[in-house]
Amino acid sequence: MAKVEMTINGRSVSGVVEDRMLLVDFLREERNLTGTHIGCDTSQCGSCVVHVDGKAVKSCTMLAAQAAGSEITTIEGLASDGELHPMQAAFRDNHGLQCGFCTPGMIMTAVDIVNREGADVDEQTIREQLEGNICRCTGYHNIVKSIAAGAKEMGSGMKEAAE
Amino acid sequence: MASHLDSNVIPPSRQRETPRAGLTWIGQSMKRVEDPRILSGKGGYIDDVKVPGMAHAAMVSSPHAHARIVSIDTSKAEELPGVIGVYTGEDVATVVDPCPSFASPPVTQHAMAIDKVRHVGEVVAAVVAEDRYIAEDAAALIEVEWDVLPAMVDIEASLEAMGDGVLHPDDRESNKALDESFEFGPVSEDFDAADRIIKRRLRWNRSSAQAIETCGVISQWDAFKGGYTIHANTNFYNFIPFVIGGSLRVSPGEMRIIPVLTGGSFGSKVFIHKIIIMTSALSRLSGVPVKYIEDRLEHFTNSDSHGSDRLYDAELAINDDGTFKSLRFTVLDDYGAYLQFGVGTHGNAMAQVTGPYQIGSFGMRVIAVLTNKTQQGPYRGFGSEVTNWVMERMADAAAEELGRDPLELREQNMIQPDQFPYMIPTGNIYDSGNFQKVLGEAKSLFDLDAWRKKAADMRAEGRCVGIGVATCMERSVYGPTEWWSLNNKETPGFTLTSTPEGISARIDPSGKLFVTLHSPMVGNSPETVVTQILAERLTVAPEDVVINYSDSQSGFNGVGPQGSRFTAMVAGACVSAAIKLEERLKRFGAHMLQRRPEDMELRDGKVAVKGLKDQETSFADIALNSSFFRLSFPDGEEFDSGLETTAVYDHPLSTDPHEDREHLGIFYPIVGHICHIVAVEVDPGTGKVEMLDYAAVHDNGTIVNPRTLAGQVWGGTANGIGTTLSEQFNYDESGQFVNPNFAEFAMPTANEMPRNFKLGHVETPSPYTEYGIKGGGEGGRLGAPSALTSAVEDALQNYGVKISALPITPPVLRGLIREAEQAA
């Protein structure tokens, strides 16, 4: 058993977990943050992507104990006061989701892509970097469109904040 | 001239809302009302639901394709701290009976195997424990002794199996589960009179939907009530209580099935009855609520949703002038170890088996084969995706043998716009359409003439570039006779003929329109389309519509999202509910304004006097008065308090199959049409296929929401691309399923999809459904395989490669190219 402390969506939390507990199970079962999903068990589908210290990580591939001391952001941490994050809003505006099961992971990956590649990220880069996220509903067309639009919106938000 | 179809009389239309221009909400690309809760991570899928006191189940699955269970030792597992109980198939059978089956006679299936396993992944024991980690640990401690039997893997070899190779010796002497032959019209005469007979052997291999969410159940046995409370991600929660009550030994009314948001189905979650029965048994045996969520491996190997796996010997009778006369085939279908839905996937294909072409007769022999694989279930197309591909392959083959242009030959044989409603030889009708217009749009969207020249130039440079065109049918609004119409007519089984869909609706005293659906959200957009249709019909603002879901004790016998039916069917229920609400609104509103109900009309959420601008009262005012001020209205039950109603809509156009099966009746008549055109380049060195350009034009009648319909087309096309180029379940000789995971079962990612995907729509409204809506949930997968196959064959024309089996993975294509090179 291990005592872990971490910050999840801006809130400090602690818990005693089995050494083998996966981060995704800690989030879902111990913290009731069920927006992070489990799709494939083998780290291909990306439904479980969260941000650990600002980087996209598949939370089914990481132990909760490994995340001790880290800052975690999950899909529940993106929106604030009933206002969707620009990337979430872009997915809605561009019909980037159908069943929605892969969507939290897609959005967390998308925000990570924009953080790394910038607001003008091109279509080919988006497609290549979605390699680790599988969607079975949309054919990806509108996901790629959503991410490009969300990137632009995030970019203008960043500019406003800078001004 | 007398025809076998004379007795199949088309009923009159029951359409109330005619297709028309100038609609306010129908046709708008409204943003989905489902999205905010999903986007914020608060959707509420099955694994997100927690019930107080809930325990978790893990399974012990068979590592063998075919084996007798000699013994199961659960003692070590039982001793593990945190384990609540360990149960084998025999334990489960003390509280539940075998699974329901639409096959007739049925093939016996236990929710948890007893005595014998028939495919890798079949469950033989389960652990219920405090958490899933402990349950999995305990499951690994269970020791099973096996007596391995011969595995039947090959579709043709399994038919010849004897002795221990027979899967169900108690039910059947061989692995042939069904063998039925049909002739619809003068097949033999047409073949005798034809100038040529085109013959092809065609193979469609097994894959499945693999929605990103697996199937799951939480079941809670209530010993005092003698019933179950069940959460499950089934598509069909208001119907399955009647299907599984017998298995669970309770009456349907003693089950309460609560729907959840579902993470994709594509058919794979239509029933999921087996794990509902199994999990319920575990709850009854353990005395605690039990959650079971399939892991991905279990979903691949035990979820009973594998797609079609067929071998066709097909013949098309044609004249030298290119006229198609008759089609016939023998089809063997590898159904796997059980036959839950009989040969419903072939019944489905009878809806459009002759494609968009004028073909006078059709004959078929269908043989359902049992093998040691996971059994089939529905997957987007439900069998029609395969016959679409067979018909299009035969059209290409005819063109090749006649030396004709494949597209021109198709156009020559197409049903003409003035021939609707058009009855095909099986008895189904195509209600309406304009195939030529769809083709024309697709040609221009793709710029076919330019592309043909460009492809020829590229081939001249030595590149393997080709173009494929598919013109296919997209049947919608299914009728349930498809489940049983091909069964032996002496033993047809459960001859279901109803597919109702209903809603209930209430305007509350604040003026909100609360609507309850009786089918779940599975990735379609039920809340959005219902909002748009009711906003249209009742003139209310979409933001005043609030959608909820019933459970199985408060809902109707709703059939849910399957068979491309939901939008068209729920539109009928919405119109019926709106008519009833309108009558009450006008009665109350007229009384409040001291007018007669017949003087009133609905206008912008108000009841207004026809032709008078200011004489009106809002729905909210009427609801308030009708709810709280009873003494303001006359006595009599027509003024009973409140504004609420329920409404059920039945299939708009169906007839019974002929008793001697001279035809199958009308069962899938609301037809769309699709044309897919794709240009590909094949790398002959690796067998890799790249899509250079793609155009898809769909006719789904009146469009309720262009963006959600487009989403269905893109998604279905992606499924079809996977089916064609990369997805196949591989079994080795011993029946091992060798690629049941997302690493080796190669589904397309964003980078494998075509960049230049152009989508177009033609709207030919149905004369039979409300507003002329047709279904559009399956079309992409009904067209993409045919177009892509043709394109790849065209690209490899210099090698003379012919494609007769899917998928055409890079190794498969490379093998075909190598064979061609060696032959040359």
Please rank [options] by heavy-atom pairs under 4.5 Å with chain A and give me the top one.
| options | value |
| --- | --- |
| B:S29, B:A710, B:G264, B:A743 | B:A743 |
| B:G715, B:A718, B:P754, B:P748 | B:G715 |
| B:R380, B:Q712, B:K50 | B:K50 |
| B:L261, B:N524, B:T708 | B:T708 |

Problem set entry | All side chain to side chain donor-acceptor pair (under 3.5 Å) counterparts of A:Y140, not counting sequence neighbours | none
[options]: which one forms the most heavy-atom pairs within less than 4.5 Å of chain B?
| options | answer |
| --- | --- |
| A:T42, A:N142, A:L33, A:L130 | A:N142 |
| A:G35, A:A89, A:C45, A:G100 | A:G100 |
| A:I143, A:T36, A:I134, A:T103 | A:I134 |
| A:E18, A:M21, A:E131 | A:M21 |

Determine the minimum heavy-atom distance between [X] and [Y], stating which atoms define it.
| X | Y | answer |
| --- | --- | --- |
| B:Y133 | A:L22 | OH-N, 3.0 Å |
| B:L39 | A:Q88 | O-NE2, 2.8 Å |
| A:R20 | B:I134 | NH2-N, 4.4 Å |
| B:G263 | A:C99 | C-SG, 3.3 Å |

By a 4.5 Å heavy-atom criterion (distance strictly below it), what part of [X] contacts chain A: side chain, backbone, both, or neither?
| X | answer |
| --- | --- |
| B:E34 | neither |
| B:F757 | both |
| B:K42 | side chain |
| B:T717 | neither |

Side chain, backbone, both or neither: which part of [X] has a heavy atom under 4.5 Å from chain B?
| X | answer |
| --- | --- |
| A:H37 | side chain |
| A:T138 | backbone |
| A:I147 | neither |

For this session: Report the C-alpha distance between A:F101 and B:T214 in whole Å, list the side-chain angles of each, state the deciding distance to 0.1 Å, and finish with yes or no for side chain to side chain contact (heavy atoms under 4.5 Å, CB included).
Result: CA-CA 10 Å; A:F101 196 79; B:T214 64; over 6 Å; no
Name, in order of residue number, those residues of [range] that have a heavy atom at a distance of less than 4.5 Å from a heavy atom in chain B; otherwise write 'none'.
| range | value |
| --- | --- |
| residues 59-71 of chain A | none |
| residues 104-118 of chain A | A:I107 |
| residues 73-86 of chain A | A:I75, A:E76, A:L84 |

Is a side-chain N or O of [X] found less than 3.5 angstrom from the main chain of [Y], in a donor-acceptor match?
| X | Y | value |
| --- | --- | --- |
| B:R296 | A:I38 | no |
| A:R136 | B:A211 | no |
| B:R707 | A:D93 | yes |

For this session: Show your working on side chain to side chain contact (heavy atoms under 4.5 Å, CB included) between A:R28 and B:D47 and close with a plain yes or no.
Result: CA-CA 9 Å; A:R28 292 181 51 81; B:D47 198 19; 3.4 Å; yes
For this session: Take A:V144 and B:M753 through the side chain to side chain contact (heavy atoms under 4.5 Å, CB included) test and state the conclusion after the steps.
Result: CA-CA 11 Å; A:V144 174; B:M753 289 296 293; over 6 Å; no
Can you tell me how far apart [atom1] ([X]) and [atom2] ([Y]) are? Round to the nearest 0.5 Å.
| X | Y | atom1 | atom2 | value |
| --- | --- | --- | --- | --- |
| A:Q129 | B:T749 | CD | OG1 | 12.5 Å |
| A:C135 | B:I212 | SG | CD1 | 7.0 Å |
| B:N751 | A:I126 | CG | CD1 | 11.5 Å |

Exercise. Should A:L97 and B:R32 count as side-chain neighbours, where that means a heavy-atom distance under 4.5 Å?
Worked result: yes
Exercise. Considering only heavy atoms from C-beta outward, does the side chain of A:C137 approach that of B:F266 to under 4.5 Å?
Worked result: yes
For this session: Over 60° means perpendicular and under 30° means parallel, so classify the ring planes of B:W714 and A:H141, tilted if in between.
Result: parallel
Problem set entry | Note: B:K291-A:E29 ion pair, threshold 4.0 Å (strictly below) | no
